[in-house]
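These numbers come from the heavy atoms of this one structure, side chains and all, not from hydrogens, waters or symmetry mates. Along the sequence shown, residues are numbered consecutively beginning with 1.
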Amino acid sequence: MSVGSEDRIFWLDTMSRIAQPVLYHLNQRQLKDKMPIERKVDDRHLFTYLEALGRLLTGMAPWLEHGARTGEEGRLRERYAELARGAIEAATDPSSPDFMNFSEGYQPIVDAAFLSHALLRAPEELWNKLNPDVKQNVIRALQSTRTRKPFFNNWLLFSAMIETALYRAGAEWDRMRVDYTLKQHEQWYKGDGVYGDGPDFHADYYNSFVIQPMLVDIIAALKGEDPTWADMEENVIRRARRYAVQQERSISPEGTFPAIGRSLAYRFGAFQLLSQMALQHQLDPSLEPAQVRCALTAVIKRMIQAPGTFDENGWLTIGFCGHQPEVGETYISTGSLYLCSAVFLPLGLPEEDPFWQGAADWTNKKAWGSQSFPIDKALY
C-alpha cells in the first residue's frame, strides 16, 4: 500500500473516531443525555450541542459530498451521510429531545454558521437529500438566528454565511448582511495575507478557523449576485493562498506548531484554510500537494495520539495536545472542540488526486534537515 493510501486511511479512521459519538447519539435522539459537557461556565448546555453538530459537519462535508461511492470507503461514506442527515433532522425538529437552540443568546449565530457552511460544502448530501419538512425546519432554524446581531469582528461572517446558506436553499435571504460583511472585511485587511479580527490585528488562528475559509466560500457562492462581490474574489483568493503558505511554514519537522492565541482547544482545526486551499486546488505553486498532506498528517498524529485526547466514552476533551482543561476559555465546552474536523476537508479529493500521491517533506522539515527550500516572500 502506498504512503498516500495509508495516510488517507489514517485520516478516515481519525475522522470517524471523532464523528461517531456525535452522529450516533443524535440519530438515537440521545445526544443531550449522552454527551458530557466539560466547561468553565455553567450556561454552555444551551450551546454545546449545536456546536458539536455544526463544527463536525463543516469538516466532514466535502467527503460526504465527493468521497468514494464504492468499496469500504464508499460504504463508510454512505453510512455517515445518512447519519449526518438524521442528525440534522434531530437537531431542527421542534418535537425532538435533541432540538437545538438557534435563537437564545449569541453563541447560536456562530454554530448555525458552521452548519450553514456544511450545507454549502455538501449541497447534495446535506441539503437536496433532506425531506421537505426537514428543509423547512432548517430554514426556520437559520432564520431564527436573526433575533441577535453579531459582534463587530469575525462574527459578521457568521451572519453572512447563514444568509448564503439561505440563498442556496432558495429561501428569503438578506443581501445587506452579506454586503456589509464583505466590505467591512476588506477594510480590516492588514496586509501579507492576514485580516484583522475586527479593526485590530490578533495573533491567533482565526484567519483559518473562520475568516478566510468563510470569505472564500461566501464569495464563490454569491459572486453572481453582485459585480462588486465578484470583483473581490481575486484578491480574496490571493490572500488565502498567501496565508496558507504561512500556515504550512508554521509546521515544525516534528509536526508541532506554535501554541499562540486563543481557542487552541480546536486543535488541528487551526489548519482549516490550508486544508481548504488543498481541497480547492488553490495552493501556491511553491507548495506540493503531497508536502501539505504529509505536514498535516504529522500534526494530526502528534495531537490525536496524545494521552487524554478522548475520554473513556470516546468524546473529545478540552486541550491542545492531550487533556489540558486550562486551555479552555469561558466560551469553550465539549461541543466546541469538534471544529478540529475542519482539517479533514481534503478527504473530499479522490484517492487519485495528487494530494494523496507520494510523499514529500514540508518546508520546515527541509529547512531543519539541511535541504534546499524556497525563501519566503510577502504578498503586496
Side-chain angles (χ1 to χ4, degrees), residues 43-58 61 87-96 98-123 126-127 130 132-188 197-198 206 209-211 213-226 228-229 232 331 335-336 339:
D43 69 351
R44 302 321 292 178
H45 67 282
L46 296 172
F47 315 121
T48 197
Y49 307 111
L50 182 56
E51 286 183 307
L53 175 63
R55 296 171 187 224
L56 175 66
L57 292 186
T58 202
I88 293 170
E89 180 177 355
T92 58
D93 176 3
S95 68
S96 166
D98 279 333
F99 179 60
M100 295 180 182
N101 168 31
F102 285 84
S103 58
E104 182 180 349
Y106 288 91
Q107 184 67 36
I109 301 172
V110 178
D111 298 295
F114 283 122
L115 178 59
S116 294
H117 207 170
L119 300 179
L120 207 63
R121 285 169 164 167
L126 297 185
W127 180 253
L130 295 178
D133 58 333
V134 179
K135 289 181 178 180
Q136 288 305 308
N137 285 339
V138 172
I139 289 170
R140 281 191 289 269
L142 297 183
Q143 290 176 337
S144 72
T145 63
R146 294 172 177 165
T147 59
R148 300 290 185 271
K149 68 177 183 178
F151 300 116
F152 193 61
N153 53 23
N154 74 83
W155 279 49
L156 294 182
L157 282 156
F158 299 138
S159 179
M161 178 57 76
I162 292 167
E163 298 304 320
T164 304
L166 289 169
Y167 162 81
R168 289 290 293 268
E172 180 270 328
W173 65 289
D174 185 350
R175 67 176 55 239
M176 184 62 72
R177 292 173 190 252
V178 175
D179 190 65
Y180 179 63
T181 296
L182 296 180
K183 290 179 178 175
Q184 195 60 65
H185 276 80
E186 186 64 26
Q187 294 296 313
W188 290 338
D197 189 355
Y206 271 78
F209 288 140
V210 175
I211 297 170
M214 289 198 177
L215 278 175
V216 168
D217 286 350
I218 288 169
I219 288 178
L222 294 177
K223 62 186 177 182
E225 292 295 315
D226 190 313
T228 62
W229 302 346
M232 295 178 182
Y331 56 84
S336 315
L339 189 54

### Query
Yes or no on salt bridge (Lys or Arg N to Asp or Glu O under 4.0 Å) for Glu172 and Arg140, after CA distance, side-chain angles and deciding distance?
CA-CA 11 Å; Glu172 180 270 328; Arg140 281 191 289 269; over 6 Å; no

Could you check whether any side-chain heavy atom of [X] comes within less than 4.5 Å of a side-chain heavy atom of [Y], counting everything from C-beta outward?
| X | Y | answer |
| --- | --- | --- |
| Gln143 | Ile139 | yes |
| Arg44 | Glu51 | yes |
| Val178 | Trp229 | yes |
| Thr58 | Leu339 | yes |
| Ser336 | Tyr331 | no |

For the [atom1] atom of [X] and the [atom2] atom of [Y], what is their distance to the nearest 0.5 Å?
| X | Y | atom1 | atom2 | answer |
| --- | --- | --- | --- | --- |
| Leu182 | Thr228 | CG | OG1 | 8.0 Å |
| Met214 | Ile219 | CE | CD1 | 13.5 Å |
| Thr145 | Ile162 | OG1 | CD1 | 3.5 Å |

Do you know the tightest heavy-atom contact between [X] and [Y]?
| X | Y | answer |
| --- | --- | --- |
| Glu163 | Asp174 | OE1-N, 2.8 Å |
| Leu130 | Lys135 | O-CE, 3.5 Å |
| Ala113 | Met161 | O-CG, 3.4 Å |
| Pro108 | Gly105 | CD-O, 3.7 Å |
| Ala169 | Trp127 | CB-CZ2, 3.4 Å |

### Message
List the residues meeting salt bridge (Lys or Arg N to Asp or Glu O under 4.0 Å) with Asp93, not counting sequence neighbours, and say none if there are none.
### Response
Arg29

### Summary
salt bridge (Lys or Arg N to Asp or Glu O under 4.0 Å) filter on Arg121, not counting sequence neighbours, yields Asp217

Could I get the full list of ring-ring contact (aromatic ring centres under 6.0 Å, His included) partners for [X], not counting sequence neighbours?
| X | answer |
| --- | --- |
| Tyr206 | Phe209 |
| His185 | Trp188 |
| Tyr167 | Trp173 |

[X]: what forms a side-chain contact (heavy atoms from CB on, under 4.5 Å) with it, not counting sequence neighbours?
| X | answer |
| --- | --- |
| Asp133 | Asn131 |
| Pro132 | none |
| Ala122 | Ala61, Glu65, Leu126 |
| Leu115 | Leu57, Ile88, Phe102 |

### Task
Identify, with sequence neighbours excluded, every residue that meets side chain to side chain donor-acceptor pair (under 3.5 Å) alongside Arg175.
Glu225

### Task
Tell me, please, which residues at least two apart from Thr147 pass side chain to side chain donor-acceptor pair (under 3.5 Å).
none

Would you say [X]'s side chain and [Y]'s backbone share a donor-acceptor pair under 3.5 angstrom?
| X | Y | answer |
| --- | --- | --- |
| Thr48 | His45 | no |
| Asn101 | Leu46 | yes |
| Ser116 | Ala112 | yes |

### Derivation of the side-chain contact (heavy atoms from CB on, under 4.5 Å) call for Val210 and His117
CA-CA 10 Å; Val210 175; His117 207 170; over 6 Å; no

### Message
Is there a side-chain contact (heavy atoms from CB on, under 4.5 Å) between Arg148 and Ser103? Walk through the geometry before answering.
### Response
CA-CA 7 Å; Arg148 300 290 185 271; Ser103 58; over 6 Å; no

### Derivation and outcome, side-chain contact (heavy atoms from CB on, under 4.5 Å), residues Asp226 and Leu222
CA-CA 7 Å; Asp226 190 313; Leu222 294 177; over 6 Å; no

### Query
Do Ser96 and Asp98 have side-chain atoms, one donor and one acceptor, less than 3.5 Å apart?
no

Distance-only donor-acceptor hits, side chain of residues 149-159, under 3.5 Å, sequence neighbours excluded:
from: Asn153; atom 1: OD1; to: Trp155; atom 2: N; distance (Å): 2.9
from: Asn154; atom 1: ND2; to: Asp197; atom 2: OD1; distance (Å): 2.9
from: Asn154; atom 1: ND2; to: Asp197; atom 2: OD2; distance (Å): 3.1

